[in-house]
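To keep things clear, I will list the structure first and then write my remarks on it.
Quick caveat: nothing in here was measured; it's all calculated off a predicted structure. Just so it is clear: chains get the letters A, B, ... in the order the sequence lines come, proteins before strands, and each one is counted from 1.
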There are 2 protein chains.
Amino acid sequence: MGNVEEGPDSRVRMWSPVCRAVALLLGPYAEVVLHDPETDRVLEIWNPMTSRGPGDPSLLGELDELDPSAQDVYGPYEKLLADGRRLSSVSAVLRDARGEPSAVLCINLDRTPLEQAAAVLSAFGAPTVQGPEPLFEQDWSERIQHVIGTYVRETGRPIERMTRQDRLAVLGRLDEARVFAVRRATPVVAGALRVSRSTVYGLLTELRAPSAKDRQP
Amino acid sequence: MGNVEEGPDSRVRMWSPVCRAVALLLGPYAEVVLHDPETDRVLEIWNPMTSRGPGDPSLLGELDELDPSAQDVYGPYEKLLADGRRLSSVSAVLRDARGEPSAVLCINLDRTPLEQAAAVLSAFGAPTVQGPEPLFEQDWSERIQHVIGTYVRETGRPIERMTRQDRLAVLGRLDEARVFAVRRATPVVAGALRVSRSTVYGLLTELRAPSAKDRQP
DNA sequence: CCATATTTGGACAGTACATCCAGGCTAGAC
DNA sequence: GTCTAGCCTGGATGTACTGTCCAAATATGG
């Protein structure tokens with residue numbers, strides 16, 4: 001973490017915790033830059049996506065001329081890197097205790113991975129991530145339904161035409177999914193399989209103790 | 001307390017551009033909170049994901065006692081909301097010009113949409129970007145340890161020095177994480193908290209029935 | 001030091017879990 | 001059709017777990 005011998009700029013000292021926090025949160029997908037609006041140069045940079053470093057020119061442009069209702073925050077707007085990566089960027093004017101602008105913070109988020117994922121998803125007709133899609137449910141009863149539903153879809157056999165082997169297979173999956181570790185799960189599974197609790201318990205013990213059976217060759 | 005002129009807290013004035021920038025960039029998926037470490041209350045909040053507001057208690061605890069090598073930035077660590085959303089969180093201690101801690105910034109990023117997308121993609125055999133991240137926790141005892149560990153790290157208070165309020169907070173989180181829906185969880189939690197089973201049940205009932213509490217002396 | 005708040009271990013009642021069994025049902029063999 | 005064998009069922013039963021209560025022990029705070 002060595003800094004230059006001259007000691008860090010007081011502005012860097014003040015704002016770096018925020019910058020490092022954002023850089024940590026967004027991992028390798030975000031670049032955080034602290035600019036000096038006076039000299040129009042980079043003060044410090046975290047997770048650099050290009051080869052810029054402290055002291056390089058900022059190429060910031062005139063933020064002063066932007067909409068004053070934004071109250072020192074600009075964006076998000078889009079940038080395009082030379083290699084084709086798309087960035088979402090925001091900027092904020094940081095002021096000292098006297099209210100004078102002392103630095104400009106820029107956060108550049110690489111949207112490319114997200115957009116690729118979104119493209120794959122929409123190609124398969126998956127819903128765009130807007131409303132919460134309960135793909136994997138926190139609720140264990142939904143998980144039960146999900147496991148059983150998957151099995152029915154795989155075998156094309158509805159619940160009421162299931163054979164003993166089917167029930168064993170489904171219960172095996174449910175057991176692997178640790179469904180029976182939650183309270184009151186067994187009666188729910190029995191109901192979902194249209195079977196009595198006794199049957200479920202019987203099949204489960206048979207499933208969990210295959211040792212005594214194949215012991216005799 | 002505040003030695004400020006009228007209007008918003010000077011700290012809010014100073015840090016709000018950063019906060020608003022992050023909140024804008026990350027859209028509805030990130031919550032940005034500014035805490036007052038003195039009073040342990042929320043100073044301001046952007047994109048709130050729960051119903052917290054300015055003036056509410058932070059439940060932050062003392063960050064001072066944490067590992068000094070972290071240099072005022074903590075995390076990312078994981079939080080779990082009641083509805084199952086998983087958050088990645090970072091915290092940063094913000095210091096004034098004299099180097100004194102003046103505020104604590106927390107950014108909470110909702111990872112759920114990303115994880116859902118990742119689940120869909122991996123179901124179609126698409127290459128997963130990152131390594132073996134436990135998508136859903138199978139071992140609930142790990143989850144208990146994780147929730148407690150997170151709290152300890154957040155507050156810098158080891159289990160044996162916890163106050164009643166700490167225990168209440170931890171049990172609240174565990175309850176939100178639906179930990180007590182699994183069999184045998186309560187004794188395990190009691191053991192992990194170095195507390196008797198009775199205490200856990202007592203605190204839990206107190207936690208779950210704040211409605212008809214202080215009506216009668 | 002006392003007063004109050006909190007935790008504790010243990011006893012207890014109430015559930016839920018798991019097993020067992022006798023009888024009923026179904027399917028296939030004869 | 002009848003028989004047999006295997007499976008399922010409902011209920012009875014014993015065990016394990018859950019949650020509550022309370023007096024005593026202990027911590028907390030003035």
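- In terms of position on DNA chain C, the residue among B:S196 and A:G202 whose nearest nucleotide sits closer to the 5' end is B:S196.
- Take the nearest nucleotide of DNA chain D for A:L203 and for A:R197: the residue whose nucleotide is more 5' is A:L203.
- With rounding to whole Å, B:E206 atom CD is found 9 Å from C:dT7 atom P.
- Of the listed nucleotides (D:dC8, C:dA18, C:dT7), C:dA18 has the atom at the smallest distance from the side chain of A:T186.
- Shown here for A:S91 and A:C106, the closest heavy-atom pair between the two residues is OG-SG, 3.1 Å.
- With A:V32 as reference, A:L105 is the one residue of A:L105, A:I45, A:L109, A:N108 to meet the side chain to side chain contact (heavy atoms under 4.5 Å, CB included) rule.
- Atom CZ in A:R161 sits about 15 Å away from atom C1' in C:dT26, given to the nearest Å.
- The nearest whole Å value for the distance from the CG atom in A:L171 to the P atom in C:dA18 is 13 Å.
- The side-chain heavy atoms of A:L94 and B:M14, taken from C-beta on, include no pair separated by under 4.5 Å.
- When all heavy atoms of A:L171 and A:L207 are compared, the pair lying nearest together is C-CD2, 3.8 Å.
- Closest to the A:R167 side chain, of the nucleotides C:dT8, D:dT20, D:dC8, is D:dC8.
- Checking D:dT18, C:dT7, D:dC21 against every side-chain atom of B:R164, the shortest atom distance belongs to C:dT7.
- Comparing atom distances between the B:Y201 side chain and each of D:dG19, D:dT9, C:dC17 picks out D:dG19 as nearest.
- Taking the side chain as every heavy atom from C-beta outward, A:V18 and B:V73 never approach each other to under 4.5 Å.
- Whole-Å rounding puts the B:Q165 CD to D:dA27 P distance at 20 Å.
- Of the candidate nucleotides C:dT19, C:dG9, C:dT7, C:dG9 has the atom lying nearest to any side-chain atom of B:S198.
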List every contact pair, protein side and nucleotides 13-17 of chain D side both N or O, where the distance is under 3.5 Å.
none

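- Each of A:F180 and B:T199 was matched to the nucleotide of DNA chain C holding its nearest heavy atom; the match closer to the 5' end belongs to B:T199.
- Within the 3.5 Å criterion, the main-chain N or O of B:A30 finds no donor-acceptor partner in the side chain of B:D110.
- Summarising the geometry of B:D96 relative to B:S102, their closest heavy-atom pair is N-OG, 4.1 Å, with the distance given to 0.1 Å.
- As rounded to whole Å, 13 Å separates atom C1' of D:dT20 from atom CZ of B:R208.
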